[in-house]
Each structure stands twice: as structure tokens, then as C-alpha cells.
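Reviewing the structure listed below.
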2 protein chains.
Amino acid sequence: MITIKDVARKAGVSISTVSRTLSGNIPVADETRNKVLQAVKDLGYQPNAFAQGLRNGKSRAIGLIIPNFRSLVFPQMINGISDTVNKHGYTLVLSKTEENLMLEKEYIDNLRHKLIDGLIVSTATKDSSHLLELKKEKFPLVLVIRRLEDQVDAVITDNLQGAFEGTKLLISRGYKDICLMNGKLELDLYRCRYAGFEKAMHEAELEIKKELVRHDIDSWEDSYREMIRVFDEGYFPDAVFATSDPKAFGIMKAIKEKGYSIPGDIAVLGFDNIEMSALVDPPLTTIAQSFYQIGVRSAERVIKLINSKRNYKPVIENVPVELIIRQSVGDKTKIES
Amino acid sequence: MITIKDVARKAGVSISTVSRTLSGNIPVADETRNKVLQAVKDLGYQPNAFAQGLRNGKSRAIGLIIPNFRSLVFPQMINGISDTVNKHGYTLVLSKTEENLMLEKEYIDNLRHKLIDGLIVSTATKDSSHLLELKKEKFPLVLVIRRLEDQVDAVITDNLQGAFEGTKLLISRGYKDICLMNGKLELDLYRCRYAGFEKAMHEAELEIKKELVRHDIDSWEDSYREMIRVFDEGYFPDAVFATSDPKAFGIMKAIKEKGYSIPGDIAVLGFDNIEMSALVDPPLTTIAQSFYQIGVRSAERVIKLINSKRNYKPVIENVPVELIIRQSVGDKTKIES
DNA sequence: CTGAAAGCGCTTACAG
DNA sequence: CTGAAAGCGCTTACAG
């Protein structure tokens, strides 16, 4: 391994000078600098990151904790995080908790005392004391997609607004009997989407039928079964708003299996705009989250926190949504008139 | 930050003893050990990973380089890698190259001199000199899904066998006029799948129509367009073998748009078994790759390489495939008899 | 502008 | 079994 000593010897200067040349923080004579840079190049020298870390207390690495890789929302988000982190010369360290709080605490503890300068977290559990603890120690921490009230920096989709606009679209297209297939209510994002739905229905003075509001649906298999159940219980909504695209896929499958058409008999609206949504039959109308953007913003935020001594107060950044209109929602006003 | 000195003071011993107690490599009196462990616990001491890294030349971190997060095969694979790496007390460092060779070289260089003990790589470019270089330096390196002849350790799907079995299934179901929608021929895995297809066709003494073999198809959008082109050119295969599930989705979309039925008019066979494949309409018959398993094996392999001084010769591990039979392939022999 | 020296927090050969 | 000391490769205050 080539060390700073080798470079110093080759350049005929002291190791201090090599270090100063490379850091750029302290002036070095032009001639000296050139000799050093030439030696660095000739030898292919790269500073030892452990020694630098030990000295500086910085690793230039950022940790990312996500619950799993199954959800189709994470890849795009990681993409944004990865690009941004690399752009700023950081390395990305990844951990996955499978929603296991013990594991999460363990990983955070490890990373904390190891090789990261900041942390991005995308899990959400009922007990978040360990995260608040980190925050209290002023450790650079940002939540993505998930949030913890207003206590910790977070970058999230404007879920309420998204669900509000989506529901308004359905209403404007003449749908009245809207079924909501919602995720786990313990998650803030699903509470917000529910609130957005309610807000739009109230504004339009439409009735929300309790029997058509189903919470705690977690996957496309779940929503498929639940939709079959809706039919079996004798309900027949004219539209279904699924608060995630995978849920929408399950619902489409159920509707088709029962022999109904989309959007002819029942319209389907999703939330997410994952890649597959353009591809299903019929293509899904949905509320697009900018996962890549969300990733970018969260990474920029941690880096900002890392570089600032001051104690910023937490910022909750709402990334706007976009309505993507495809064929799974029709226009009842036209058909019936 | 709590250091080994604090622990030593609290336990009333020297820092050497604390270190020895924690490492477990060198005998320590029971009584002493207990005092130390108690102090460690009381103080919540965690050794500084930089200091350890500097001293030991080991980081207990493993790097992973993938081309992108778009492909649906990576999440499951990363999942397997992540679980395995963590199980062995390692941390996972992630980089993504967007198929950019310059970036790839840069990241490898960075990681190499930084914080990783071993590297898993899933990119494949024409110029792999930098990987062979690493291998020559005896740096622990494993390729996944991709391979570099027999020179570097690799964990891959048995692509030839998979394509062979898939094609045989089509043939056994009475399909004869089979269209192959294949990926980039510059990738070994697509050459192997092509070879498996050819082998099955030859064994069955069926003709491979050149016009029905299309290579270098890269996405579902590509395969959609190419399938439309096949129809527009006046061909009408009775089955299409797409060498990846996303390609199969594009093909299904094209077939449906042209008003044909699957598998009634045309059967579709995929390769991958990504999660979505069970969900499309009709559910896709496909050749399942065990991405999770592949991830696990590759991680186990790097760790083995890291822990062995000896110079293992490269092992190419073929992970078996599984035929997943769903509704996108019918049975012509029954229909026509 | 430059060099010699201290020190970051560990581990381990050396001495006892 | 245990302690004092050297050294891993850096950075930076100190002195010149």
C-alpha cells in the first residue's frame, strides 16, 4: 500500500506538505505543489480512509436504512440518494431492517459508531425513541417518505394533496360511489391520503360509505382479496381509489376476474406511479410521487446537516405530486349524457 | 465519544487488557474480564471503527456495484446479499454505475482504498481490465448474474439450462413457430439463453426462423415495439419466448393491442419470475431465477475469499432455475386434437 | 511557505 | 495474566 510517506519521499518534501497540498486548505508554493501532485500521480496514491477518518472524525459515508427491497418505491428513491451522495463525494452504506425494530436499533448503533457521517431512514415503527435520541445528539438524520411529526427532518410526498387531487379527478369524471382501499392507518402517509380523500368528498358533498372504506391493506394480494370480498358482500362501487399502485393492480385483477370492465364498469385510481403502472391493462391512472426527487432532496438535506455546525430546526419538505391520467379512469359524464 | 481509555479507567485496568478482553484472541483472567465487560456495558462503549480499520487493515464492509436500480432483478438480489453480509457482521456499501465504465472504475478505486474488504460486482462491460486487475491483486471479488469467462469468481443463473427447459415446455405443448425476443448479445447471459433456445429447437428438429429471432431488445418498451413490428412485417408466431419478464410484458401488451388472445392465439414465455409476473393478465409462465439465493451465494463467496489467505481458484457457481407454469402458455396438443 | 512533532483510538509484540 | 510502548496513516497547531 502506498502511503503519504512514499509520496513525500518521491517528491522530496515532508509528509506535512503532501497532506497540505492534497487538502488544499493551507497554501503551498506552486512549484512544491506540482512536485507533490506529480508524485501522487506517478505512485497512484490514494489516502487511507481509516487514517483520515480517525483523524478527522469524518468518513464521508452516509447510511441509508430501509425496511425492505420488495416495495417498488425504494429503488427509484435509492437511485436519487445514490446519485446525490456520490455527486458530493460521499459513499452510501445500506441497511435493511425487514421492519424489525431490534435490527433497526442494532444497525443504527453499529453505523453510528462506525463509518457514517449522516443517516437517512425510511422505516417507521411505533417506537421511534432511538431516532429521537439520535436527533437529540445532533447527529445528522433525515427521514424519507416516512415522518416523525415535526421533530425530525423529513422529505415526504404531499400525500394529502395527492389523494385530494386524485379523488377530485374521480369526482369530476362523474364517479360518486367511490371505494377507498387504504394502507395501514398506523402510517402517517396513509392517514394523510385518507384525509385527502375525505376532504375531496366533503367538498363535493358526496357521501363516504363506511362499507366502501377499507384500511390496513398491505399488498396486491391483500387488495385483490379485499376487492373480491367487496363484491361478495354485494357492493358495487363505480370507482376504486387504491392508495398505492400495487394495491390498484390487485384490484384490477379482482375486477377482471369477476368479469367487469375497467373503466367501463369500475374506474381504478392508484397512487405512486411505479414503472409498471404504464404497462398494466388498462394503463393505470395514478398520482405520481417523484421518488427520485425525494431521494435527491433527502440526500441533499443530510449533507447540509453534516456540513452545518448550527442547529437547524427540523424541516419537513413536501414534494409535490403529479396526476398521471391514463385509461383506467374514464369519463362518466360523457358516457351518460 | 467513549474510548477504550474511559473503559480502562472505569475498570481499573490498562487499555491493553480492555482490548484483549474484547477481541477474545488472548486469554484474560475471568475476574478481570468481568470488570471490563461491566465497564463496557455501563459506558455503552463501542470501539472506533476507524482506529480498528487503521490498525487491522480491515473494515468489515463489503462493496456492491450494480448498473442501476431500474431492473427488477436487483432488489431481490441485494436483499440476499444484505441479509448474508449482515449475518456475518459486515456492512454493505452500495454504488451504482449507470453502465458508465468511467464511473465504475472510479467507484472501485475509491472503495478499494477506502472502506471495503471485498467487492461484489454485477455490471458487465466490454472492458473489464480493471476487474481482472483487482483479481490479480488477490482482492476478494465476486461477480453476480454477470460473468467474466472463468477468470473471476461468479454466481450466475444456469441460463442455458433455463432457456432450454423453457423452450422444451413450449415445444411439448405443441408450439412450433416460436419467436425469440432476446436481450443484448454482448452479454454472456443472453448468449447462453439463445444457446439454450437453439439447443431445444435442434433437439426437437424444429426450424428456427431467422425472421423470428430478434436480439438486442432491452426493455419492455423495446419489445413492445419489436412485437408490433413482427406483426406489421406479416409474421404470426404461435409462441413468443421473451428472455426476460419485462420484455414479456411488452410483448403481451402488443399482442393484446393487436386484438389477439394469450395464449389462445399466441403463447408467451418469460424469464426471471419477478414479482409482477404473477399479476399480469394472463399470469406469465416463466423461468424463475432465484435472485435472493444468488445474492446469498455471492455474499458467502466474497466472505469466504476475505477470510482465506489461500489463493482459491475461481469458481463459477450455477444456480438452478425453476419452471413456473402459469396461464400465458396453453396446450396446443389438447386444443387441436 | 515548510518541517518536526503530537495525537486521533486502536492492537499486539515485548517484557515481566 | 497484565502493562507500557510502538505504530498503523493521517492532519494540523507550533515554530521557524
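Below, chain A is the first sequence line, B the second, and so on; all start at residue 1.
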Given atom [atom1] of [X] and atom [atom2] of [N], what is their separation to the nearest angstrom?
X       : N     : atom1 : atom2 : value
B:Met1  : C:dC8 : CE    : P     : 13 Å
A:Lys58 : C:dC8 : NZ    : P     : 18 Å
B:Arg9  : D:dG3 : CZ    : P     : 15 Å

Next on the checklist: Defining pairs by Watson-Crick or G-U wobble geometry with both distances under 3.5 Å, how would you list the stems of DNA chain C with at least three pairs each?
Outcome noted: C:1-3 with D:14-16, C:5-12 with D:5-12, C:14-16 with D:1-3
Next on the checklist: Under the rule for salt bridge (Lys or Arg N to Asp or Glu O under 4.0 Å), what residues qualify as partners of A:Asp218, not counting sequence neighbours?
Outcome noted: A:Lys184
Item to check | Those residues that, when tested against A:Lys5, pass salt bridge (Lys or Arg N to Asp or Glu O under 4.0 Å) (two or more places apart) | outcome: none
Checklist entry - Hey, which of B:Arg301, B:Lys304, B:Arg297 is the one that makes salt bridge (charged side-chain N to carboxylate O under 4.0 Å, His left out) with B:Glu317? => result B:Arg297
Checklist outcome for this item: Applied to residues 38-59 of chain B, the salt bridge (Lys or Arg N to Asp or Glu O under 4.0 Å) test, sequence neighbours excluded, yields none
Checklist entry - Taking atom C1' in both C:dT12 and C:dG16, what distance in whole Å separates the two? => result 16 Å
With sequence neighbours excluded, what pairs up with [X] under the side-chain contact (heavy atoms from CB on, under 4.5 Å) test?
X       : value
B:Glu31 : none
B:Thr84 : B:His88, B:Val296, B:Ala299, B:Glu300
A:Asn34 : none

Checklist entry - Quick one: what's the B/S/- string for nucleotides 10-15 of chain D, heavy-atom cutoff under 4.0 Å, read 5' to 3'? => result BBBB--
Let me have the donor-acceptor pairs involving side chains of residues 95-103 of chain A, under 3.5 Å, with sequence neighbours excluded, atom names and distances please.
unit_1   : atom_1 : unit_2   : atom_2 : d
A:Lys96  : NZ     : A:Glu98  : OE2    : 2.8
A:Lys96  : NZ     : B:Asn79  : OD1    : 2.5
A:Lys96  : NZ     : B:Asp83  : OD1    : 2.5
A:Lys96  : NZ     : B:Asp83  : OD2    : 3.3
A:Thr97  : OG1    : A:Glu99  : N      : 3.2
A:Glu98  : OE1    : A:Arg70  : NH2    : 2.6
A:Glu98  : OE2    : A:Arg70  : NH2    : 3.4
A:Asn100 : OD1    : A:Met102 : N      : 2.9
A:Asn100 : OD1    : A:Leu103 : N      : 3.1

